[in-house]
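The structure appears right after this line, and notes come after that.
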Amino acid sequence: MAAMAPGVSAALITTVAGLLVAIPSMFGYNWLVHNLRVFTVGLDNFAQELVSKMETEFLSTNNFLQPCAGFPNAVTS
């Protein structure tokens with residue numbers, strides 16, 4: 001039993017050291033993932049709003065019914 005004690009002691013010290021590194025790393029990782037998700041949602045909302053405003057502006061000009069110079073037969077109105 002006395003021969004086993006140094007090995008068990010070293011294993012416990014290694015476990016404690018691993019936990020001291022793993023637990024703060026887990027909190028840091030979760031914080032980073034949360035912030036990236038918030039940023040991604042904000043970026044997605046911005047993109048959707050931009051496309052919506054572009055579409056509204058495009059439709060409000062009524063230029064989409066007139067034929068383009070390169071395509072005279074594209075739209076007949």
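Counting from 1, the numbers follow the sequence of the chain as shown.
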### Query
Short question: side chain of Ser52, backbone of Gln48 - any donor-acceptor pair under 3.5 Å?
no
### Message
Suppose the criterion is salt bridge (charged side-chain N to carboxylate O under 4.0 Å, His left out): which pairs have a residue in residues 32-55, not counting sequence neighbours?
### Response
Glu49-Lys53
### Task
With rounding to the nearest 0.5 Å, note down the distance linking CG in Leu43 to CZ in Phe46.
8.0 Å
### Query
Near Met26 CE, under 6.0 Å, is it more than 12 heavy atoms from other residues, nucleotides or ligands?
yes
### Message
Is the shortest side-chain heavy-atom distance between Leu12 and Val16 below 4.5 Å?
### Response
no
#### Entry: Rounded distance (nearest 0.5 Å) linking atom OG of Ser25 with atom CG of Asn30
11.0 Å
### Task
Drop me the distance from Leu20's CG to Thr15's OG1, to the nearest 0.5 angstrom.
11.0 Å
### Query
Out of curiosity, Thr14 OG1 to Leu19 CG, how far, rounded to the nearest 0.5 Å?
11.0 Å
### Task
Quick one: pull up CG in Asn35 and OG1 in Thr40 and give me the separation to the nearest 0.5 Å.
10.5 Å
